[in-house]
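To start, the structure under review is shown below, and the notes come after it.
Whatever order the structure lists ligands and atoms in, that order sets their numbers, starting from 1. Each residue takes its place number in the sequence, starting with 1.
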Amino acid sequence: MSATILDGAAVAAAIRERVAGEVRELAGRGVSPRLEVILVGDDPASRVYVGAKGKACAQVGIRSGTHNLAAGAGAAELASLIARLNADPDVDGILLQMPLPKPLDGRAFLDLIDPAKDVDGFHPTNVGLLHQGRPAFVPCTPAGILELLDRAGVALTGARAVVLGRSEIVGKPMAALLLARHATVTVCHTRTADLPAVCREADVLVAAAGRAALVTAAFVKPGAVVVDVGVNRVEDAALVARLYPGDTERAAGLAKRGYTLVGDVDFNAVARVAGAITPVPGGVGPLTIAGLLQNTVTAARRRRGL
Ligand code: NAP
């Protein structure tokens, strides 16, 4: 392996420490940031994410609460909860955990959140501001990735950046951030012709497709910086053995849990070609919650004109 490992966990820890300092500073001005999370239904993965967010808030001194609505909650009930949190001057951030159970349409409810409290950065007002290059709440995962790249000293101005994936939560905001930093950005998706060749143009490649080990060494220019956003559950022991030969720890985890988490990048093969690479786990994942904490403190400050 030749690539440098980009340690997302270390960057996330640094962001949390900075946020904790900001919380202490705000306390001196009588301000105590508060995040309210809405969870509809009982999806086990969503429960884990919501629990992790609450715990992370507590660790940096942010107040947080969870509103758990039943899976069969109606649109009116959810809309009125959002309206109540919008109107509560003591609430700085509102997070609606996705996905919502059917037939609720997530987009329609995200649109109801006050843009000043939209700490996920999904409201059209914040999306528009981001694309105009004006201060906005930036979705947490891409914001964290940008900080990771900056802290690693990756030059973005004039760089060729390729973003693999065009979702609202990762691909599109990531492309907007890289463009704002003067990279020349290409966004790829399922209809992109000759995907490996387009990705091979990249000095900075961000993979957010949700396909285990899609990005092979053939996708990567020698020396490129590769950021792997993907988190894919893989249960196929033969595939895991091929991707991670000799990795007994991973094999043991697979045997114990019945799955292992694999990124969108074939890590071992790509690490021989890339200049720098994020691992899965321990790369992008920890940055997302750190970004949420940062956005919540920023909301608390902006709402008071501080
Ligand atoms: P998504 O909404 O499913 O979007 C995936 C994107 O990738 C789509 O634009 C899709 O193209 C494209 N794509 C899928 N397969 C492709 C292929 N074979 N070739 C080219 N393009 C392909 O996913 P997402 O929400 O952005 O998440 C992406 C991955 O990141 C997932 O594994 C998710 O779990 C992970 N994630 C991790 C974090 C974190 O904190 N680490 C945060 C968010 C997401 P089309 O538009 O043409 O369908």
Residues at least two apart in sequence or cross-chain that pass salt bridge (Lys or Arg N to Asp or Glu O under 4.0 Å) with Lys172, listed by chain then number, are Glu168

Q.
Assess the residue pair Glu36 and Arg34 against the criterion (salt bridge (Lys or Arg N to Asp or Glu O under 4.0 Å)); give the C-alpha distance rounded to whole Å, side-chain angles, the decisive distance to 0.1 Å, and a yes or no.
A. CA-CA 7 Å; Glu36 292 297 319; Arg34 176 174 159 203; 2.8 Å; yes

Quiz item: Would you say the side-chain atoms of Thr192 pair up with the backbone N or O of Leu195, donor to acceptor, closer than 3.5 Å?
Solution: no

So salt bridge (Lys or Arg N to Asp or Glu O under 4.0 Å) across residues 147-166, not counting sequence neighbours, yields Arg18-Glu147, Glu147-Arg151, Asp150-Arg181, Arg160-Glu201

Is there a donor-acceptor pair under 3.5 Å between the side chain of Asn86 and the backbone N or O of Asp114? yes

For residues 249-265, the salt bridge (Lys or Arg N to Asp or Glu O under 4.0 Å) pairs (sequence neighbours left out) are Asp247-Arg250

Residues with a heavy atom under 4.0 Å from ligand 1, by chain and number, are Thr141, Leu164, Gly165, Arg166, Ser167, Ile169, Val170, His189, Thr190, Arg191, Leu195, Ala208, Ala209, Gly210, Arg211, Leu214, Val229, Gly230, Val231, Asn232, Val284, Gly285, Thr288

